[in-house]
Amino acid sequence: MIVLSRNVTISDAEIELSAIRAQGAGGQHVNKSSTAIHLRFDIRASSLPAFYKSRLLDASHHLITAEGVVIIKAQEYRSQEMNREAALKRLENLIRELTAEEKTRRATRPTLASKRRRLEEKAQRSSTKALRGKVL
């Protein structure tokens with residue numbers, strides 16, 4: 001079970017996990033064991049609140065298909081259990097990242113001292129450049 005907040009959880013029944021053979025180079029063990037995990041999570045069929053569903057479905061993310069299914073393949077570890085934990089953690093991080101509320105930017109004004117400093121530096125540059133001219 002993934003706990004996203006006090007009110008929002010995802011049960012294990014909503015997440016489809018299947019073991020597959022990992023890609024890449026290996027030894028004698030690689031062709032016999034299925035250590036990689038293939039995670040599938042259907043956003044539309046889940047018990048997530050409407051806000052979460054709309055944010056996830058509106059996001060254009062490479063892990064979310066056009067049908068609204070999150071597909072994650074975890075194969076970085078040699079053990080199936082560690083890959084399962086990594087896939088669930090990546091799903092949790094994806095949902096948290098895409099549903100996080102961004103703070104709105106408040107417009108600020110420059111301080112009087114910063115305006116004064118800017119004008120003084122500008123006057124200094126102007127006088128320096130004026131001295132570079134031809135001497136008559």
Side-chain angles (χ1 to χ4, degrees):
M1 174 181 277
I2 297 176
V3 179
L4 297 171
S5 69
R6 276 186 262 147
N7 305 333
V8 182
T9 58
I10 300 173
S11 68
D12 293 336
E14 297 178 28
I15 302 169
E16 180 185 327
L17 293 168
S18 57
I20 56 174
R21 285 198 211 126
Q23 291 177 321
Q28 300 167 342
H29 182 67
V30 72
N31 293 326
K32 295 184 287 185
S33 62
S34 300
T35 56
I37 294 293
H38 198 255
L39 180 144
R40 293 177 67 85
F41 175 68
D42 190 359
I43 298 169
R44 288 189 174 94
S46 69
S47 65
L48 288 174
F51 167 75
Y52 279 77
K53 285 183 183 182
S54 64
R55 290 291 291 263
L56 289 171
L57 292 171
D58 291 343
S60 83
H61 198 276
H62 70 280
L63 294 176
I64 302 174
T65 64
E67 293 81 35
V69 178
V70 178
I71 299 175
I72 295 174
K73 183 177 179 183
Q75 62 179 7
E76 51 263 25
Y77 299 105
R78 288 184 64 177
S79 80
Q80 194 179 89
E81 189 56 39
M82 288 180 74
N83 282 330
R84 180 178 286 115
E85 293 297 321
L88 292 172
K89 192 69 178 166
R90 281 169 52 189
L91 176 64
E92 181 182 347
N93 289 341
L94 174 74
I95 294 172
R96 286 186 193 278
E97 175 186 318
L98 294 178
T99 58
E101 288 283 336
E102 292 185 18
K103 292 182 180 177
T104 56
R105 184 188 179 279
R106 288 186 321 207
T108 58
R109 293 173 57 191
T111 62
L112 188 62
S114 68
K115 285 182 185 177
R116 193 172 291 131
R117 277 193 305 271
R118 182 181 65 85
L119 292 174
E120 287 171 1
E121 289 171 11
K122 194 170 180 175
Q124 179 65 39
R125 273 193 309 275
S126 173
S127 64
T128 302
K129 289 185 176 188
L131 291 172
R132 292 180 189 160
K134 284 187 178 182
V135 178
L136 298 174

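Computed over heavy atoms, backbone and side chain alike; hydrogens, waters and symmetry mates excluded.
A salt bridge is defined here as a Lys NZ or Arg NE, NH1 or NH2 lying under 4.0 Å from an Asp or Glu carboxylate O, and R96 with E92 meets this definition.
Every residue meeting the side-chain hydrogen bond (donor to acceptor under 3.5 Å, both in side chains) condition with S114, not counting sequence neighbours, appears here in chain and number order: T111. Taking E121 as the reference, nothing meets the side-chain hydrogen bond (donor to acceptor under 3.5 Å, both in side chains) condition, with sequence neighbours excluded. For S54, there are no side-chain hydrogen bond (donor to acceptor under 3.5 Å, both in side chains) partners two or more places apart in sequence or in a different chain.
Heavy atoms only, all atoms of each residue included: S46 and K53 are closest at O-NZ, 3.0 Å. Closest of all the heavy-atom pairs between Q75 and A36 is CB-CB, 3.7 Å. The minimum heavy-atom distance between I37 and A87, with the atom names listed, is CG2-CB, 4.2 Å. Between L57 and G68, the closest heavy-atom pair is CD2-CA, 3.6 Å. Residues E76 and A86 share a closest heavy-atom pair of OE2-CB, 3.5 Å.
Under a hydrophobic-cluster definition in which Ile, Leu, Val, Met, Phe, Trp and Tyr are linked whenever side-chain heavy atoms come within less than 4.5 Å, directly or via other members, Y77 and L88 are assigned to different clusters. Put simply, Y52 and V69 are part of two different groups of oily side chains (I, L, V, M, F, W, Y) that touch within less than 4.5 Å, one to the next. The same ILVMFWY cluster, assembled from side-chain heavy atoms under 4.5 Å apart, contains both L39 and L98. Hydrophobic clustering (ILVMFWY, side-chain heavy atoms < 4.5 Å, transitive): I95 and F51 are in one cluster.
Of the possible donor and acceptor atoms, none in the side chain of R55 sits under 3.5 Å from a partner among the backbone N and O of E101. R90 places a side-chain N or O within donor-acceptor distance of the main-chain N or O of K73, the cut-off being under 3.5 Å. A donor-acceptor pair under 3.5 Å is formed between the side chain of N83 and the backbone N or O of T35. At distances below 3.5 Å, at least one donor-acceptor pair connects side-chain atoms of T128 with backbone N or O atoms of Q124.
Side-chain contact between L56 and V70 is absent, with no heavy-atom pair separated by less than 4.5 Å. In this structure the side chain of I2 reaches within 4.5 angstrom of the side chain of I15, judged on heavy atoms.
Considering Q80, R40, R84 in turn, R84 is the only one that fulfils the side chain to side chain contact (heavy atoms under 4.5 Å, CB included) rule with L17.
Here the CG atom belonging to L48 is positioned 6.5 Å from the CD atom belonging to E14, to the nearest 0.5 angstrom. With rounding to the nearest 0.5 angstrom, the CD1 atom of I10 is 4.0 Å from the CZ atom of F41.
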